[in-house]
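Worth knowing before you read on, the calculation uses all heavy atoms, side chains too, and leaves out hydrogens, waters and symmetry mates.
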Amino acid sequence: MDLIGIYLKEAFENAGCPVCNILEKYERNEISTILYEHVNNPSVREEFKKSLGLCPYHAWKLKEIAYSEPLLGSLGVAVIYDHMLSVYIESLEQKQNIRVSKCFLCERTEEKERNVISGISKRIEELMPVYQNSEAILCKKHYEMLLDELRKKKPAYADKLTELQIEKLRRIRERVERFIDKFDYRSTEAPTKKEADAVVLAIESLKGLPLQVNFSETPRKPRLRGGIFGSRT
Ligand SMILES: [Zn+2]
Ligand SMILES: [Zn+2]
């Protein structure tokens, strides 16, 4: 397997959605690099200016990461947002409506998301057996993205993925149900860690990790046939 394959395989060996996990790490690395190296970089400053200091999600994520890493601390955040305030104040003074464009971290993460999905699709032969035997569970959004890609590029694997997805979701559900049963007064056992973890996996399998790419998902409209109430013919 090539280097990207090894990196993807690793994500498929861990619990949770492999795509969400890769994106979470990617986002954290991007933000740390900016804070470590690029706070005073004019082109990065320009990127911040376009969105007036990122989208709300990434602004707070940047603050959280900076404050949680002792070597980073609050200085970088102060420098960035001092600049953003000056831009905002100037626009108010000049009675100009400031146009806020899309946050560049959102753009980068979305691009990464597309690349990861296409990378998985290209190596699906090797990754599917890993997926089958691990605690990984593609979240609904990333399962659908991968399925679309497979239908276009590797149709033979699309149905296999669906079968596997159902099998894995059923296994998670069984564990969640065992967890619930342990709360019955007749039960003499405490829930196991695996059962407790399944509750988190249940949320993750439906909603993915709390990332901007998942918050901004626009639900697909159901295809209606024969008017609002559908046709039975
Ligand atoms: Zn996901
Ligand atoms: Zn953003």
Side-chain angles (χ1 to χ4, degrees), residues 2-4 6-8 10-11 16-122 138-142 144-146 148-149 204 207-220:
D2 60 338
L3 266 179
I4 298 172
I6 293 167
Y7 156 80
L8 291 172
E10 220 176 271
C17 174
V19 184
C20 283
N21 279 316
I22 287 174
L23 295 180
E24 192 184 45
K25 269 196 211 113
Y26 170 77
E27 209 168 72
R28 187 166 280 275
N29 283 342
E30 285 290 290
I31 292 174
S32 297
T33 310
I34 289 169
L35 288 168
Y36 273 114
E37 297 166 24
H38 301 299
V39 167
N40 293 310
N41 177 329
S43 67
V44 175
R45 286 289 194 95
E46 208 41 47
E47 293 281 11
F48 271 99
K49 197 177 154 189
K50 281 186 204 156
S51 56
L52 197 61
L54 308 171
C55 66
Y57 169 84
H58 282 120
W60 289 108
K61 196 81 195 168
L62 176 115
K63 185 249 172 197
E64 184 195 310
I65 291 173
Y67 281 54
S68 68
E69 291 182 29
L71 283 173
L72 291 170
S74 49
L75 179 62
V77 184
V79 171
I80 293 166
Y81 285 91
D82 172 49
H83 178 212
M84 291 308 113
L85 271 182
S86 77
V87 173
Y88 182 41
I89 292 168
E90 200 185 311
S91 78
L92 290 177
E93 283 168 349
Q94 295 180 354
K95 296 191 167 46
Q96 276 174 346
N97 258 341
I98 210 158
R99 279 211 8 240
V100 175
S101 344
K102 191 165 183 173
C103 152
F104 72 96
L105 284 175
C106 278
E107 274 172 357
R108 285 189 196 176
T109 315
E110 283 167 18
E111 194 189 339
K112 178 81 180 173
E113 185 182 40
R114 289 190 294 273
N115 290 340
V116 170
I117 294 289
S118 125
I120 295 171
S121 157
K122 280 181 194 147
L138 284 161
C139 70
K140 180 176 175 292
K141 180 193 182 189
H142 292 133
E144 286 169 3
M145 284 179 78
L146 181 58
D148 275 354
E149 186 77 7
E204 196 169 339
K207 302 297 156 189
L209 289 180
L211 299 165
Q212 179 60 21
V213 285
N214 291 331
F215 289 125
S216 59
E217 185 193 10
T218 41
R220 293 176 188 197

Kindly give the heavy-atom pair with the smallest separation between [X] and [Y], and that separation in Å.
X: Ser32; Y: Glu69; result: OG-OE2, 3.4 Å
X: Pro210; Y: Tyr57; result: O-OH, 3.3 Å
X: Cys20; Y: Leu211; result: O-CD1, 3.6 Å
X: Arg45; Y: Val39; result: NE-O, 2.8 Å
X: Lys141; Y: Asn214; result: CD-OD1, 3.6 Å
X: Ala66; Y: Leu35; result: CB-CD1, 3.6 Å

*For residues 26-45, which residue pairs qualify under ring-ring contact (aromatic ring centres under 6.0 Å, His included), counting only residues two or more places apart or in two chains?*
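Qualifying pairs, neighbours excluded: none.
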Counting C-beta onward and ignoring hydrogens, is there a side-chain heavy-atom pair between [X] and [Y] closer than 4.5 Å?
X: Ser118; Y: Glu149; answer: yes
X: Ile89; Y: Glu93; answer: yes
X: Leu8; Y: Ile4; answer: yes
X: His58; Y: Glu27; answer: yes
X: Leu72; Y: Tyr67; answer: no
X: Asp2; Y: Lys122; answer: no
X: Asn97; Y: Ser91; answer: no
X: Leu146; Y: Ser121; answer: yes

Give every donor-acceptor pair under 3.5 Å between a side-chain atom in residues 47-56 and any protein atom, sequence neighbours left out.
unit_1: Ser51; atom_1: OG; unit_2: Phe48; atom_2: O; d: 3.4
unit_1: Ser51; atom_1: OG; unit_2: Leu54; atom_2: N; d: 2.9

Gap separating the [atom1] atom of [X] from the [atom2] atom of [Y], nearest 0.5 angstrom:
X: Asn115; Y: Lys112; atom1: CG; atom2: NZ; answer: 7.0 Å
X: Asn41; Y: Glu37; atom1: CG; atom2: CD; answer: 10.0 Å
X: Ile31; Y: Lys63; atom1: CD1; atom2: NZ; answer: 13.0 Å
X: Leu23; Y: Glu113; atom1: CG; atom2: CD; answer: 5.5 Å
X: His83; Y: Asn40; atom1: NE2; atom2: CG; answer: 10.5 Å

Check Lys140 with Glu144, please: is the shortest side-chain N to carboxylate O separation under 4.0 Å?
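Salt bridge: yes.
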Would you give me the side-chain donor-acceptor pairs under 3.5 Å for residues 103-111, sequence neighbours excluded?
unit_1: Arg108; atom_1: NH1; unit_2: Glu30; atom_2: OE1; d: 2.6
unit_1: Thr109; atom_1: OG1; unit_2: Leu105; atom_2: O; d: 2.5
unit_1: Glu110; atom_1: OE1; unit_2: Lys102; atom_2: NZ; d: 2.8
unit_1: Glu110; atom_1: OE2; unit_2: Lys102; atom_2: NZ; d: 3.1

* Between Asn21 (side chain) and Cys17 (backbone), is there a donor-acceptor pair under 3.5 Å? ->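 Pair found, side chain donor or acceptor close to backbone of Cys17.
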- Message: Would you say CG of Leu92 has more than 12 non-hydrogen atoms from neighbouring residues, nucleotides or ligands within 6.0 angstrom?
- Response: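 Yes, because the 6.0 Å sphere around CG of Leu92 holds more than 12 heavy atoms from other groups.
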